[in-house]
Number of protein chains: 6
Amino acid sequence: MNRKRGLQVLDEMLGKETARATRQTWTRIAPDFEKYVVGFLSGEVWARPGLDRKIKSLCTITALAALGRTRALELNIRMARKNGASRAEITEALLQIAPYAGFPAAWEALAILEQVFETK
Amino acid sequence: MNRKRGLQVLDEMLGKETARATRQTWTRIAPDFEKYVVGFLSGEVWARPGLDRKIKSLCTITALAALGRTRALELNIRMARKNGASRAEITEALLQIAPYAGFPAAWEALAILEQVFETK
Amino acid sequence: MNRKRGLQVLDEMLGKETARATRQTWTRIAPDFEKYVVGFLSGEVWARPGLDRKIKSLCTITALAALGRTRALELNIRMARKNGASRAEITEALLQIAPYAGFPAAWEALAILEQVFETK
Amino acid sequence: MNRKRGLQVLDEMLGKETARATRQTWTRIAPDFEKYVVGFLSGEVWARPGLDRKIKSLCTITALAALGRTRALELNIRMARKNGASRAEITEALLQIAPYAGFPAAWEALAILEQVFETK
Amino acid sequence: MNRKRGLQVLDEMLGKETARATRQTWTRIAPDFEKYVVGFLSGEVWARPGLDRKIKSLCTITALAALGRTRALELNIRMARKNGASRAEITEALLQIAPYAGFPAAWEALAILEQVFETK
Amino acid sequence: MNRKRGLQVLDEMLGKETARATRQTWTRIAPDFEKYVVGFLSGEVWARPGLDRKIKSLCTITALAALGRTRALELNIRMARKNGASRAEITEALLQIAPYAGFPAAWEALAILEQVFETK
């Protein structure tokens, strides 16, 4: 795990303020959950080269939509935006997987997408 | 639905021979299943511009890995290859979603990936 | 896709007013999502003969309950009602799948069923 | 639980011979698994009036297809057949849920359906 | 099914007052749902010896977290508490399955865990 | 990540020989998959104190059964055995979650359990 790099990557993908607030939420529910997400998910997996972050964001969003994990979906849509994905591109990715994961999975994700892009 | 375009897109993504064989499988289990997959999934959804096919393939593969749909996963890995995705890129997409969909989901997909790229 | 027939079928299954409001929601999140749901899901798949609409509704509801897609579940319970399914029949279908998809899946769906039938 | 009724219902839905062989499989993996499936699933849930068995079979099959439970799917397709569902009707139910649970889920189930109806 | 034992077990795992209120919710959505949950899930499955209730609770919670069944998760976390599981132990179980079911599944469950233990 | 501890833990949970063979499989499909599973899953998550390994195994198995991840299920049943879980205890854990994740999920897992304990 690489906490230093993880904090850096998270700041880049969420903005310093939202990153800190999100980490506080994780720490409150379980300090080691925060430690793993920052050090491993952010500091190791997201830090990998090989695919650019926008593509990684789109892949993560379609997987989360398929699984119906709404909490992580909302966060990853915010990160996708900072990673350079437009609302149109995320919409395309969700329309693409609609017949594979089912239209209801895409509907749920598109509704969250709308919220994220309308609110702020 | 757009059958003509769907046949064209499918040929491009699978090669003429595999496309025909795959369509025959679908027709045998249910003629209208083949009709929908060719006319709608291939002819409408895959035919959309907005995201290039390689990215669409990666998004579809991660969604299918999350859902554990091995049959469609195998087919989509073949299509991803024709759509320009290297084994390394598909591997990256699967490592990216491993902590989101779980490492067992990634394991299953990576094993299928290996088979597809080793066999032919 | 058959938009004209899709609009007709949707009106029959939701009532003109709710159908329009629901389509507006879909258009707002993504115009082509609305186009696909109306033209393909409603205009092609729901329009198939072969099984009567009440049975189709029950099958769709049990699949959605198994997948935990609450948003589509609520809509499909409304449509099931217009398609002639009583609350008792939908309850039976959900009790039937409880030991297959798990009682928590049935619980969630029965709670939505109650809401739909109590509210209006 | 009602074992006597459960045995009766299972015999009706699988035929005496297949019912016995299937119960032996369950007993071998865990005697109480067999006890619960016969006494509760078969003797209580399947024994409910309220919906005819053919409709129950179709609902169970679509839920299992959505969840990707292939082993139970194969068994339930056999039972659906004895419960009066034709291959065409089961196909219709699976095409109906294809855009809701995803076409890959329907594909898997249609392939099992073909096997069951071709083999015997 | 064993209703008498089921009522007893439920009272022990939820407290008399919460048990009654929860059963009323089930009765309202479907009387036979309550009958099955009390008589079979509580009176048969939970009543089995072989594993102590704390371990059963942890196993049930991790399965529900994996499936994303939030309503049943909340109830089972309450029962886990009465069954002797500390917040720290439930947290450990959820961290254990995080890389298997995905961190988003654990996140959702940890957030519900926090609510249950903070509120009352 | 802690590779040294991860290798140690894996050896303890699988036996030196099976551990090596399994790691080779992972390396072949993707070297970094092996690196993450050994260094993070084994070296960090499994290495946590707080719950004994037998309980962790049972929790992991029920989560994997719920998700239908058969490949990881087989491996985790082997590890559960080395972690001190008897076939009877694993059976109990699977019967416990059967009404929550559905009997088909438990059936699949019990069949794998039988294979693992019969074969070697």
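The basis for the numbers below is simple: all heavy atoms, side chains too, and nothing from hydrogens, waters or symmetry mates. Order of the sequence lines fixes the chain letters, A, B, ..., with proteins taken first and strands second; residue numbering starts at 1 for each chain. Remember, predicted model here, so these are calculated numbers, not experimental data.
Other residues, nucleotides and ligands contribute only 12 or fewer heavy atoms inside 6.0 Å of the CZ atom of C/Arg20. Residue-environment remark: CZ (A/Arg3) exceeds the threshold of 12 foreign heavy atoms within 6.0 Å.
Heavy atoms of A/Leu95 lying under 4.5 Å from chain C belong exclusively to its side chain. Heavy atoms closer than 4.5 Å to chain A are found in the side chain of C/Leu41, but not in its backbone. Looking at A/Ala109, neither its backbone nor its side chain comes within 4.5 Å of chain C, counting heavy atoms on both sides. Both the backbone and the side chain of A/Ala111 have a heavy atom closer than 4.5 Å to some heavy atom of chain C. For A/Leu67, the part sitting under 4.5 Å from any heavy atom of chain C is the backbone (N, CA, C, O) and nothing else. Looking at A/Ala105, both its backbone and its side chain come within 4.5 Å of chain C, counting heavy atoms on both sides.
Note that CG of A/Leu110 is 12.5 Å distant from OG1 of C/Thr25, once rounded to the nearest 0.5 Å. Once rounded to the nearest 0.5 Å, the distance linking OG1 of A/Thr91 with CZ of C/Phe33 reads 11.0 Å.
The shortest distance between side-chain heavy atoms of A/Trp107 and C/Ile29 falls below 4.5 Å. Between C/Arg69 and A/Glu108, every side-chain heavy-atom pair lies at or beyond the 4.5 Å cut-off.
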